[in-house]
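All remarks here apply to the structure that follows.
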Protein chains: 2
Amino acid sequence: MAISEIAPKQNLRPWLDRIIRGDCLDVLAQLPAGSVDLIFADPPYNLQLRQELIRPDTSVVDAVDDEWDQFKSFADYDRFTAAWLAACRRVLKDTGTLWVIGTYHNIYRVGSILQDLGFWFLNDVIWVKNNPMPNFRGVRFTNAHETLLWCKKAADAHGCTFNYQDMKAENGGKQMRSDWYFPLCTGAERLKGRDGEKVHPTQKPLALVERIVRASSQADDVVLDPFAGVGTTAVAALRNGRRYIAIEREPAYVEAAEQRLADEQSRRELPLFAFGS
Amino acid sequence: MAISEIAPKQNLRPWLDRIIRGDCLDVLAQLPAGSVDLIFADPPYNLQLRQELIRPDTSVVDAVDDEWDQFKSFADYDRFTAAWLAACRRVLKDTGTLWVIGTYHNIYRVGSILQDLGFWFLNDVIWVKNNPMPNFRGVRFTNAHETLLWCKKAADAHGCTFNYQDMKAENGGKQMRSDWYFPLCTGAERLKGRDGEKVHPTQKPLALVERIVRASSQADDVVLDPFAGVGTTAVAALRNGRRYIAIEREPAYVEAAEQRLADEQSRRELPLFAFGS
DNA sequence: GTTTTTCATGAATCCTCGG
DNA sequence: TCCGAGGATTCATGAAAAA
């Protein structure tokens, strides 16, 4: 019997509970197979924006035009998507599940590739935004939601975690549905740099990721995020008593995430009632 | 100059405003190219149900297990999907738009193929159900929505219809968003056979299809439905002053749709105030 | 100090027509 | 096909500024 089957978490120790700077394919290749309980992935969306967008008040929308969201074609994006999803599937336990978030720009590519790789959908979940950006030109419906895909490793996989009763309790005693309502990540939660600018263009709401962690993992489970950004998944894991593996390529995001997690740790070690005592 | 460019609607006369019994690929092949303003499609969902679903009270859920929803594999479903979407694209005007509704079983295949065929998304819209069927086993989130894809024929297509102000008015003076709230089609609206059983397993709410027709077509435009079922799209077109082309393969659905449209016509010709006079 | 007003901003595939 | 003119176009939130 391989050691990885006896004590998989031992093998993960070098990667656990820290932000790993690197390309997710490189890092995932080093991780032992079948070792992770839950994956949450917020990959590049391949937005394909064509020109500047001007508000009616003539201000310019600060669009997502980062280098990491540029792909030459759908074929290019598909190759990228199939590669990281296959790598995720290898490190996922047979009882593990995977979540991916996206918009219409990419989610139909992702969903199709998930099925082609043998993943089996458990649900698609809609994040309905209280406060989305309007459609300024009045030429389409307000794009007021994003889509989350939740799947297990194979159609015949068994023993996946779904904390049904916890979700029911969070939903006022009724079954949690596939439509989830959260505001955008703004205000104090949104990480800002020294210049006052947002650090990451697409930081996700912590409450959204926390619900995912609570729904589909157990205490001390290992949660992996291959596109960790500023570490929202890591914070969600920490706050809910899970371990995490967070991979991020951009040094600026890694630095911000490390600071955020240090703040989170000290906040946990010095709870409010300790002040003034 | 071809006749079709002078008076395209003349060429459509044999197919207009009736339920055409036949396979949609056969019928679409006969229609002139570039002649249709709007397409609404509710294709088979490829549900892949594995076994009977039993409610907690041991009653059996009447699932969609019709022959027309059986496909051997994703590849099989993809071929079918690519074929009818390509046929729709041919008959669609360059300024026309197309809607497809589906669930996670099929919508990621459909969305990906739409993009591969050159269609360009305008929005994805979520139909949020007020009264979905619960998840009886308590192993997943309540599947409380379906997804609609709205796209134009190509990225560089111009002049597509979107009745922005009408939608805004329908939404209490604010931009219509991508999340739409409608109850399931039940009660008097749900067509029943002589045996009291529902005629069609997945009849869509008329209000949903009416919103689509009002949002993305103009008066007297031609609305095509390649999987017309019991004729909901035809009724939506009729009630909003549009022409329709409705294609349906199953004789039982055609018969029910024809009766429904006859009732609708007489209802329109004999409005309520005429009774008792 | 309190209330009101102004302003900034968010994963966005965001126009039409004539020359 | 490209370019320029004309014209129609925004919601919720929170912070900052003003009253």
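Numbers restart at 1 for each chain; the letters A, B, ... are given by sequence-line order, proteins then strands. In this text, all values refer to a predicted model and were calculated from it rather than measured experimentally.
If you take atom P in D:dA8 and the same atom in C:dG18, they sit 15 Å apart, rounded to whole Å. Taking atom C1' on both nucleotides, D:dA15 is separated from C:dA11 by 23 Å, rounded to a whole Å. Between C:dT16 and D:dT1, the distance separating the two C1' atoms is 16 Å to the nearest Å. Comparing the P positions of C:dC14 and D:dA5 gives an interatomic distance of 23 Å, to the nearest angstrom. To the nearest whole angstrom, the two C1' atoms, one in D:dG6 and one in C:dA12, are 24 Å apart. The C1' atoms of C:dG1 and D:dA18 are separated by 14 Å, rounded to the nearest whole Å.
Ring geometry for B:Phe182 versus B:Trp180: interplanar angle over 60°, hence perpendicular rather than tilted (30 to 60°). Relative orientation of the B:Tyr104 and A:Phe121 rings is perpendicular, given thresholds of 30° and 60° on the angle between their planes.
Residue A:Arg140 has its side chain nearest to C:dC14 when only D:dG14, C:dC14, D:dT10 are considered. Among the nucleotides C:dA11, C:dC14, D:dC11, the one closest to the side chain of B:Lys168 is D:dC11. Comparing C:dA12, C:dA11, D:dT10 by their nearest atom to the side chain of A:Leu47 picks out C:dA11. Minimum atom distance to the side chain of A:Asp69 is reached by C:dA11, of the listed C:dT9, C:dA11, C:dC15. Here the side chain of A:Asp57 is nearest to one of D:dT10, C:dA11, D:dT13, namely D:dT10. For A:Trp68, taking side-chain heavy atoms from C-beta onward, the closest of the listed nucleotides C:dA11, D:dT13, C:dT9 is C:dA11.
Side-chain rings of A:Phe227 and A:Trp68 stay apart, their centers remaining 6.0 Å or farther from each other. Taking the six-membered ring for Trp, B:Trp150 and B:Phe40 have ring centres at least 6.0 Å apart.
You'll find a donor-acceptor pair under 3.5 Å spanning the side chain of A:Lys204 and the base of C:dA11, going by distance alone. A:Arg190 contributes no side-chain N or O that forms a donor-acceptor pair with the base of D:dG14 under 3.5 Å.
The 5' end of DNA chain D is approached more closely, in terms of each residue's nearest nucleotide, by A:Ile54 than by the other of A:Gly187 and A:Ile54. For the pair A:Lys198 and A:Arg137, nearest-nucleotide mapping onto DNA chain C gives the more 5' position to A:Lys198. The 5' end of DNA chain D is approached more closely, in terms of each residue's nearest nucleotide, by B:Tyr164 than by the other of B:Tyr164 and A:Thr186. Judged by closest nucleotide on DNA chain C, A:Ala63 is the one of B:Ala157 and A:Ala63 placed further toward the 5' end.
Across all strands, A:Asn135 comes closer than 4.0 Å to base atoms (heavy-atom distances). Looking at heavy-atom distances under 4.0 Å, B:Gly159 makes contact with sugar-phosphate atoms alone, never a base. Nucleic acid contact class of A:Gln203 (heavy atoms, under 4.0 Å, all strands): none. No contact: A:Asn46 has no heavy atom under 4.0 Å from any strand. Among the protein residues, A:Pro183 comes within range of no part of the nucleic acid, since none of its heavy atoms lies under 4.0 Å from any strand. Residue contacts shown for A:Asp42 include a base, since a base heavy atom lies under 4.0 Å away. Contacts of A:Pro205 with the nucleic acid, taken as non-hydrogen atoms under 4.0 Å apart, are absent. A:Thr202 comes within contact range of at least one nucleobase, with a heavy-atom separation under 4.0 Å.
In this structure, A:Arg109 is not positioned above the aromatic face of A:Tyr77 in the sense of NZ or CZ being under 6.0 Å from the six-membered ring centre and within 45° of the axis. For A:Arg140 and B:Phe162, the positive end is not near the middle of the six-membered ring at less than 6.0 Å and at most 45° from its axis.
Base pairing annotation: D:dT10 forms no Watson-Crick or G-U wobble pair, as no partner gives both donor-acceptor distances under 3.5 Å. In this structure C:dC14 sits in no base pair that meets the Watson-Crick or G-U test at under 3.5 Å.
Residue A:Gln48 places no side-chain N or O under 4.0 Å from the OP1 or OP2 atom of C:dA11. Taking 4.0 angstrom as the limit, A:Lys129 places none of its side-chain polar atoms (N or O) nearer than this to OP1 or OP2 of D:dC11.
Rounded to a whole Å, the CG atom of A:Asp66 is 12 Å from the P atom of C:dA12. Taking atom NE2 of B:His158 as the reference point, atom P of C:dG18 lies 14 Å away to the nearest angstrom. Rounded to whole Å, the distance from CZ on A:Phe136 to P on C:dA12 is 9 Å. Distance CE (A:Met133) to P (C:dA12): 4 Å, rounded to an integer number of Å.
If you check the side chains of A:Arg55 and A:Ser59, you find a donor sitting under 3.5 Å from an acceptor.
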